[in-house]
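One is the number of the first residue; the rest follow in order along the sequence.
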Amino acid sequence: VAINPEMRSSNATVLRNLLGARSRILLIALEFEEVAVDPSVTRLGPHSLGVDEVRILFTDFDIQVLEEHEVIDVDRFRRLREAGCRSVKEHTLLLRRKPQETF
């Protein structure tokens, strides 16, 4: 979430290459309308990351949504709220590497 969106794909590639065949990732992702927020507020993060983008970045993983919560009223998101953001969804995801098919 703190990773610059322009670097996500390369970061995901490095992460996938480092992880073994039975690896799992627990990921907490925040999803909000980042384009509606002044870029100076999100310059260092958080950045919005939706479940669909996680599925695109990690196609070789099964992705299970464990929890989803609206968290805009949580104090740590005050900056986003004050910047005009009306919704922040927190997604807790479990990513499990798909078994490699052998022929």
- line: Contacts of Asp60 meeting side-chain contact (heavy atoms from CB on, under 4.5 Å) (sequence neighbours excluded), chain-then-number -> Arg16, Arg97
- prompt: Any side-chain heavy-atom pair from Leu26 and Thr92 closer than 4.5 angstrom?
  reply: yes
query: Shortest non-hydrogen contact from Asp62 to Lys98?
result: OD1-CE, 3.3 Å
- prompt: What residue pairs, at least two apart or across chains, pass side-chain hydrogen bond (donor to acceptor under 3.5 Å, both in side chains) with a residue in residues 17-28?
  reply: none
message: In the structure I gave you, are the side-chain heavy atoms of Asn4 and Asn11 within less than 4.5 Å of one another anywhere?
response: no
field: From Ile25 atom CD1 to Ile63 atom CD1, the distance as rounded to the nearest 0.5 Å
entry: 9.0 Å
statement: Across all chains, not counting sequence neighbours, the side-chain hydrogen bond (donor to acceptor under 3.5 Å, both in side chains) partners of Glu34 are Thr42, His47
- request: Over all heavy atoms of both residues, which pair between Phe32 and Pro46 is shortest? Give the atoms and the distance, please.
  value: CZ-O, 3.7 Å
query: Are Ile28 and Leu66 joined in one hydrophobic group, where the rule is that I, L, V, M, F, W and Y side chains link up if heavy atoms are under 4.5 Å apart?
result: no
Least distance between heavy atoms, Leu15 atom then Phe58 atom: CD2-CZ, 4.0 Å
task: List the atom of Cys85, the atom of Val37, and the distance in Å for their closest heavy-atom pair.
output: CB-CG2, 4.0 Å
query: Is Glu70 reaching over with its side chain to a backbone N or O of Val88, donor-acceptor style, under 3.5 angstrom?
result: yes
task: Please check if the side chain of Lys89 supplies one atom and the backbone of Ala29 the other of a donor-acceptor pair under 3.5 Å.
output: no
message: For a quick test of reading the model, state the closest non-hydrogen atom pair linking Arg8 to Ile3 and the distance between them.
response: NE-O, 4.0 Å
field: Qualifying residues under side-chain hydrogen bond (donor to acceptor under 3.5 Å, both in side chains), relative to Glu33, sequence neighbours excluded
entry: none
message: I'd like to check the side-chain hydrogen bond (donor to acceptor under 3.5 Å, both in side chains) partners of Glu67; sequence neighbours left out, ordered by chain and number.
response: His69
- request: Could you pull out the closest heavy-atom pair between Ala83 and Val41, with the gap in Å?
  value: CB-CG2, 3.9 Å
task: Would you check if the side chain of Ser10 reaches a backbone N or O of Met7 as a donor-acceptor pair within less than 3.5 Å?
output: yes
query: Cluster question for you: counting only ILVMFWY and a side-chain heavy-atom cut-off of under 4.5 Å, with indirect links fine, are Val54 and Val65 together?
result: yes
task: For Arg86, enumerate each residue passing the side-chain hydrogen bond (donor to acceptor under 3.5 Å, both in side chains) test, keeping only those at least two apart in sequence or located in another chain.
output: none
- request: Spell out, as yes or no, whether a donor-acceptor pair under 3.5 Å connects the side chain of Arg81 to the backbone of Ile72.
  value: yes
